[in-house]
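Reviewing the structure listed below.
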There are 2 protein chains.
Amino acid sequence: MLPVGKQMTEMLKGTLEGIVLATLAVKPAYGYDMTARLREQGFTDIAEGTVYALLVRIEKNGLVEVEKVPSEKGPPRKVYALNAQGRDYLAEFWKTWSFLSQRLETLHHGRNEA
Amino acid sequence: MLPVGKQMTEMLKGTLEGIVLATLAVKPAYGYDMTARLREQGFTDIAEGTVYALLVRIEKNGLVEVEKVPSEKGPPRKVYALNAQGRDYLAEFWKTWSFLSQRLETLHHGRNEA
DNA sequence: TACCACTACATAGTAACACCAGCTAGTGGG
DNA sequence: CCCACTAGCTGGTGTTACTATGTAGTGGTA
């Protein structure tokens with residue numbers, strides 16, 4: 001796995017969680033599947049370990065329901081599905097991100113007035 | 001209405017540095033002034049200590065030139081100005097942010113193809 | 001059988017960053 | 001004399017993504 005840039009690594013802090021929750025909002029997923037879906041979205045360098053750790057974290061924070069589903073190829077899958085609390089948290093995430101995004105867009109184009 | 005909290009704190013990791021560099025690109029600043037300019041931009045809850053630590057860091061990384069200027073009220077000011085390396089770094093930052101921003105925008109509006 | 005590739009999950013250790021809480025120090029006003 | 005404002009600095013903490021590695025099930029193949 002090619003190392004991801006330092007800037008991207010730091011910028012993903014706080015946003016990767018939202019990305020994963022938003023991806024789960026589209027359709028439930030298990031860890032291995034989530035990694036694949038992130039890669040499809042262009043996040044080609046997200047490490048598997050990072051995804052598993054993040055899923056454990058959001059489960060611990062009560063944002064998802066987990067169901068164990070047997071697999072035809074390999075160990076049983078832990079399928080994560082967003083629950084009501086997760087959807088609320090995701091909504092908060094979008095609010096936070098929208099604020100930040102607007103401020104940065106303003107800075108980027110030199111329009112410093114609101 | 002100020003979106004503060006844990007989400008914002010985490011999301012600022014990696015982006016706050018770019019925000020400060022972009023602000024310096026507009027006009028050089030010293031720490032106390034930078035804090036004020038960030039508040040004007042809507043980042044009302046950025047701690048002073050955070051700003052000073054960040055300025056020390058970007059100086060250490062050679063992204064800025066520093067000039068000590070006497071003040072009429074209070075201790076001398078350390079004025080930070082973006083140098084060539086800082087401008088290159090800022091350009092990289094905008095590239096990274098644009099990538100992330102586009103991915104998130106896509107997720108936000110449910111356009112998950114392409 | 002022995003080996004390998006792919007699927008699937010897990011974790012210990014590390015680096016980076018923003019925050020909190022507190023500090024020193026200069027200037028001018030009540 | 002004390003306080004408010006300006007101005008800069010630091011140690012310790014919590015959170016997060018990354019690296020590197022380990023465990024385990026299934027199917028193919030030599």
Side-chain angles (χ1 to χ4, degrees), chain A residues 1-21 28-39 43-61 64 66-80 89 93 96 100, chain B residues 3-21 29-39 43-61 64 66-80 93 96 100:
Chain A
M1 182 71 59
L2 291 175
V4 73
K6 198 171 90 55
Q7 277 187 342
M8 182 60 86
T9 292
E10 291 308 319
M11 223 180 282
L12 280 174
K13 291 185 182 179
T15 53
L16 183 56
E17 185 174 276
I19 291 165
V20 164
L21 290 176
Y30 51 97
Y32 195 82
D33 181 34
M34 176 58 70
T35 305
R37 287 170 71 183
L38 289 174
R39 295 202 199 294
F43 301 103
T44 54
D45 298 304
I46 306 283
E48 250 191 288
T50 300
V51 175
Y52 284 109
L54 205 160
L55 289 173
V56 166
R57 196 171 76 229
I58 62 176
E59 180 187 359
K60 200 170 152 191
N61 291 345
V64 287
V66 185
E67 194 190 355
K68 213 147 203 172
V69 178
S71 167
E72 289 145 17
K73 35 172 87 174
R77 296 161 172 169
K78 275 180 73 179
V79 176
Y80 296 81
Y89 189 88
F93 169 81
T96 307
L100 196 61
Chain B
V4 210
K6 203 171 85 59
Q7 279 188 343
M8 181 59 86
T9 294
E10 291 308 319
M11 223 181 280
L12 280 173
K13 291 187 181 179
T15 53
L16 183 57
E17 185 174 276
I19 291 164
V20 165
L21 290 176
Y30 51 98
Y32 196 82
D33 181 33
M34 175 59 70
T35 304
R37 287 170 69 184
L38 288 175
R39 295 204 199 290
F43 301 104
T44 53
D45 297 301
I46 305 282
E48 253 190 283
T50 299
V51 174
Y52 284 110
L54 204 160
L55 289 172
V56 166
R57 195 171 78 228
I58 64 177
E59 179 187 359
K60 200 169 153 194
N61 292 344
V64 286
V66 185
E67 194 189 355
K68 212 149 202 172
V69 179
S71 168
E72 290 145 16
K73 34 172 92 173
R77 297 163 172 170
K78 277 180 72 178
V79 176
Y80 295 82
F93 169 80
T96 305
L100 198 60

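Below, chains carry the letters A, B, ... as their sequence lines are ordered, and counting in each starts from 1. Just so it is clear, the values below take in all heavy atoms, side chains as well, and ignore hydrogens, waters and symmetry mates.
- Put simply, CG on Leu54(B) is 14 Å from P on dG8(D), counting in whole angstrom units.
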Distances under 3.5 Å between protein N/O atoms and the N/O atoms of nucleotides 12-16 of chain D, please, pair by pair.
| residue | atom | partner | partner atom | Å |
| --- | --- | --- | --- | --- |
| dG14(D) | N2 | Lys13(B) | NZ | 2.9 |
| dT15(D) | O2 | Lys13(B) | NZ | 2.8 |
| dT16(D) | OP1 | Lys6(B) | NZ | 2.8 |
| dT16(D) | OP2 | Arg57(A) | NE | 3.4 |
| dT16(D) | O2 | Lys13(A) | NZ | 3.1 |

Quiz: residues 51-59 of chain A side-chain donor-acceptor pairs under 3.5 angstrom, not counting sequence neighbours:
| residue | atom | partner | partner atom | Å |
| --- | --- | --- | --- | --- |
| Tyr52(A) | OH | Tyr32(A) | N | 3.3 |
| Arg57(A) | NE | Glu17(A) | OE1 | 3.3 |
| Arg57(A) | NH2 | Glu17(A) | OE1 | 2.8 |

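- As a whole-Å value, the separation of Tyr30(B) OH from dC5(D) P is 16 Å.
- A distance of 13.5 Å separates CE of Met11(B) from CG of Leu16(B), quoted to the nearest 0.5 Å.
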How would nucleotides 23-28 of chain D be written as a contact map, 5' to 3', with B for base contact, S for sugar-phosphate-only contact and - for no contact, using protein heavy atoms under 4.0 Å? -BBS--
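- Applying the side-chain hydrogen bond (donor to acceptor under 3.5 Å, both in side chains) test to Arg37(A) and every residue at least two apart in sequence or in another chain returns nothing.
- Spacing between atom CE of Met11(A) and atom P of dA17(D) amounts to 14 Å, rounded to whole angstrom units.
- The interatomic distance linking Glu48(B) (CD) with dG8(D) (P) rounds to 9 Å, in whole Å.
- Side-chain atoms of Ile46(B) and Leu12(B), non-hydrogen and from C-beta on, do get closer than 4.5 Å to each other.
- As judged by a 4.0 angstrom heavy-atom cut-off over every strand, Gly49(B) is placed among the base-contacting residues.
- Residues satisfying the side chain to side chain contact (heavy atoms under 4.5 Å, CB included) test with Lys68(B), not counting sequence neighbours, are Pro76(B), Lys78(B).
- The OH atom of Tyr32(B) sits 15 Å away from the C1' atom of dC9(D) (whole-angstrom rounding).
- Map Asp33(A) and Ala47(B) each onto its nearest nucleotide of DNA chain C; the residue landing nearer the 5' end is Asp33(A).
- The distance from atom NZ of Lys60(B) to atom C1' of dG8(D) is 17 Å, rounded to the nearest whole Å.
- OP1 or OP2 of dG8(D) sits under 4.0 Å from a side-chain N or O of Tyr52(B).
- Legend: residues meeting ring-ring contact (aromatic ring centres under 6.0 Å, His included) with Phe43(A), ordered by chain and number and at least two apart, are Phe99(B).
- For Lys60(B), there are no side chain to side chain contact (heavy atoms under 4.5 Å, CB included) partners, not counting sequence neighbours.
- When the side-chain hydrogen bond (donor to acceptor under 3.5 Å, both in side chains) test is applied to Thr35(B), no partner is found at least two apart in sequence or on another chain.
- Protein chain A touches strand DNA chain C; the 5'-most and 3'-most nucleotides with an atom under 4.0 angstrom of its non-hydrogen atoms are dT7(C) to dC17(C).
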